[in-house]
Amino acid sequence: MNTSRPLRIAMAGLGTVGGGVAEALAARAGELASRGGRALELVSVFARDRKKARKKELANIPWADDLAAMAKSDADVVVELIGGENGAALSLVEASLRAKKHVVTANKALLASHGTKLAALAEQNGVALKFEAAAAGGIPVVKALRESLIAHGVDAVRGILNGTCNYILTQMEATGRSFEDVLADAQKLGYAEADPELDVGGGDTAHKLSLLAGLAFGIAPDLKNITTQGIRHITPEDIRFAREFGYRIKLLGVARATPHGIDQRVQPAMVRLGTPLADVDGVFNAVRADAGAAGPFFFEGRGAGEAPTASAVVADLVDIARGSIGPVFGRPASALKAVSPAPPEARTSAFYLRFKVLDLPGVLADIARQLARCEVSIESMIQRGRGHGEAVSIVMITHECPQAAVERALNAIEGSDKVIGQPCMIPMEAG
Ligand code: NAP
Ligand code: HSE
């Protein structure tokens with residue numbers, strides 16, 4: 001790459017993130033040129049609607065005729081900020097890499113599904129594919145896992161990776177309101193999408209986790225290996241009980257090396273009060289990486305929004321300007337291991353269990369008997385009685401045990417005509 005002339009940037013997608021990138025490139029041009037060793041010049045842009053009002057920094061940048069033309073242009077780098085797993089984003093990234101253009105993207109959905117294939121394509125063509133903004137937005141955790149935390153390896157990565165879910169859980173705790181109520185507010189405030197399923201169902205966290213796991217463990221990102229559960233079933237009562245036991249409920253993405261393989265899951269978890277992850281509130285994201293003998297590292301910051309996401313995209317551009325085009329996931333794409341989902345025995349922890357039961361003689365004994373039968377030991381328990389025969393919640397914390405054993409016990413308990421609805425099971429996680 002000729003580093004004596006400006007880095008020529010073409011950008012597709014001029015929405016929240018694209019607008020922020022254009023603004024930062026203009027506002028900090030001198031400093032970025034100094035950091036990158038040469039000027040960073042936005043030479044071409046493209047979006048769907050040419051007539052839409054845009055940031056003033058985009059006013060005089062020439063538009064490409066279409067995405068195909070952008071991929072064939074004389075730009076050095078194509079920035080993909082369109083979004084979506086397939087379609088326009090995938091075609092643009094593939095065509096750009098084939099045309100030997102570096103690519104920067106914030107698109108976690110795209111990389112979670114096509115990351116390994118695109119990493120190989122980038123390598124074959126000798127160009128970079130950078131994605132700092134795709135996992136945890138402005139937090140520089142992609143670079144940390146790819147380049148910094150490598151001497152001792154990584155044993156586990158745990159993260160609050162979805163600001164919408166963390167906002168909802170934080171508000172449910174602060175106000176005692178239901179999931180549905182708080183979600184409706186989040187939509188009004190513009191935090192959650194009109195169709196929030198990707199956020200609250202855990203899919204967005206799974207996309208990001210697949211990338212962090214790829215970087216940390218050298219495995220091919222693959223959503224099929226991630227057990228994913230969202231936060232719809234969490235009640236204000238669970239949040240209150242969690243607090244009473246000394247925990248907060250957080251939607252975590254966790255990837256962990258176990259003797260049985262890499263366990264990857266997205267699920268609400270109990271995190272002990274006073275630990276760094278438990279203290280992350282509102283729309284903030286955070287990642288804890290346990291790096292072997294080097295110990296745990298904690299990163300916190302804004303995981304979304306115009307400025308934080310643009311910050312990550314611009315950092316990737318400056319790296320490319322400097323000539324940093326190392327392998328996409330920190331090792332050759334051919335070295336990324338295709339793994340299978342970890343078997344059930346990979347999952348052990350302590351668990352929070354909540355049962356809604358009729359307050360009748362023997363109900364508690366039946367639950368305890370089933371847990372004992374499956375060798376699940378109870379550490380502590382709360383039941384607040386109402387009237388005889390009325391519905392009441394029994395809440396327990398277990399000692400550490402296999403998740404499969406708890407599930408066996410819950411299946412049996414669920415069958416009882418004194419137990420109402422499905423029991424709730426939430427694992428404990430280190431924060
Ligand atoms: P956005 O505001 O919806 O902007 C999307 C842009 O893509 C718009 O400019 C749109 O054009 C353009 N576009 C859509 N379909 C297109 C097509 N077929 N051809 C050409 N252009 C097309 O989205 P965003 O929030 O900036 O997100 C962009 C990417 O960043 C996504 O991958 C997202 O997951 C990721 N990301 C976003 C955030 C965040 O905080 N927003 C954080 C982390 C990662 P028009 O403007 O003409 O409609
Ligand atoms: N929907 C995502 C979130 C946006 O709530 O965190 C950034 O990826």
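Read the numbers this way: they start at 1 and go in the same order the structure lists the ligands and their atoms.
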* To do: Return the residue, atom name and 0.1 Å-rounded distance of the protein heavy atom closest to atom 5 (O) of ligand 2.
  => T164 OG1, 2.6 Å
* To do: For atom 16 (C) of ligand 1, state which one of I82, V79, L14, V45 supplies the nearest heavy atom.
  => I82
* Using a 4.0 Å heavy-atom threshold (strictly under), name the region of L67 that reaches ligand 1: side chain, backbone, both or neither. => side chain
* Look at the rings of F131 and F329 and say which category their plane angle falls in: under 30° parallel, 30 to 60° tilted, over 60° perpendicular. => tilted
* Per-atom contacts of ligand 1 with G83, taking only distances under 4.0 Å to non-hydrogen atoms -> 31 (C), 32 (O)
* Judging by distance only, is a nitrogen or oxygen of G15 under 3.5 angstrom from one on ligand 1? -> yes
* To do: Indicate, as side chain, backbone, both or neither, the part of H207 found under 4.0 angstrom from ligand 1 when only non-hydrogen atoms are considered.
  => neither
* Passing option when N107 is tested against H207, E85, H114, E80 for side chain to side chain contact (heavy atoms under 4.5 Å, CB included) -> E80
* Consider every N or O of E306 and every N or O of ligand 1, then say whether any pair is closer than 3.5 Å. => no
* Asked: Hey, is ligand 1 close enough to G305 that some N/O pair sits below 3.5 Å?
  -> yes
* By number and element, which atoms of ligand 1 are closer than 4.0 Å to a non-hydrogen atom of L81? -> 5 (C), 6 (C), 7 (O), 28 (C)
* To do: Answer with side chain, backbone, both or neither: which part of T309 has a heavy atom less than 4.0 angstrom from an atom of ligand 1?
  => side chain
* Nearest atoms (heavy-atom pairs only) where K72 meets K101 -> C-CE, 4.2 Å
* Asked: Between G303 and ligand 2, is there a nitrogen or oxygen pair with a distance under 3.5 Å?
  -> no
* Options G20, A88, A47, ranked by nearest heavy atom to atom 20 (C) of ligand 1, top entry -> A47
* Would you indicate which of V17, L58, D49 comes nearest to atom 37 (C) of ligand 1 when only heavy atoms are counted? => V17
* With heavy atoms only and a cut-off of under 4.0 Å, state how A133 meets ligand 1: side chain, backbone, both or neither. => backbone
* Structure fact -> Checking heavy atoms under 4.0 Å, the part of N285 that sits near ligand 2 is neither
* Structure fact -> Filtering T309, V283, D199 for the heavy atom nearest atom 2 (C) of ligand 2 leaves D199
* To do: For ligand 2, find out whether one of its N or O atoms is nearer than 3.5 Å to an N or O atom of K208.
  => yes
* Asked: So which heavy atom on A12 is nearest to which on M70, and how close?
  -> CB-SD, 3.8 Å
* Compare every heavy atom of A128 with every heavy atom of H102, then report the nearest pair and how far apart it is. => ND1-N, 2.9 Å
* Structure fact -> Of all protein heavy atoms, the one nearest atom 8 (O) of ligand 2 is K108 NZ, 2.5 Å
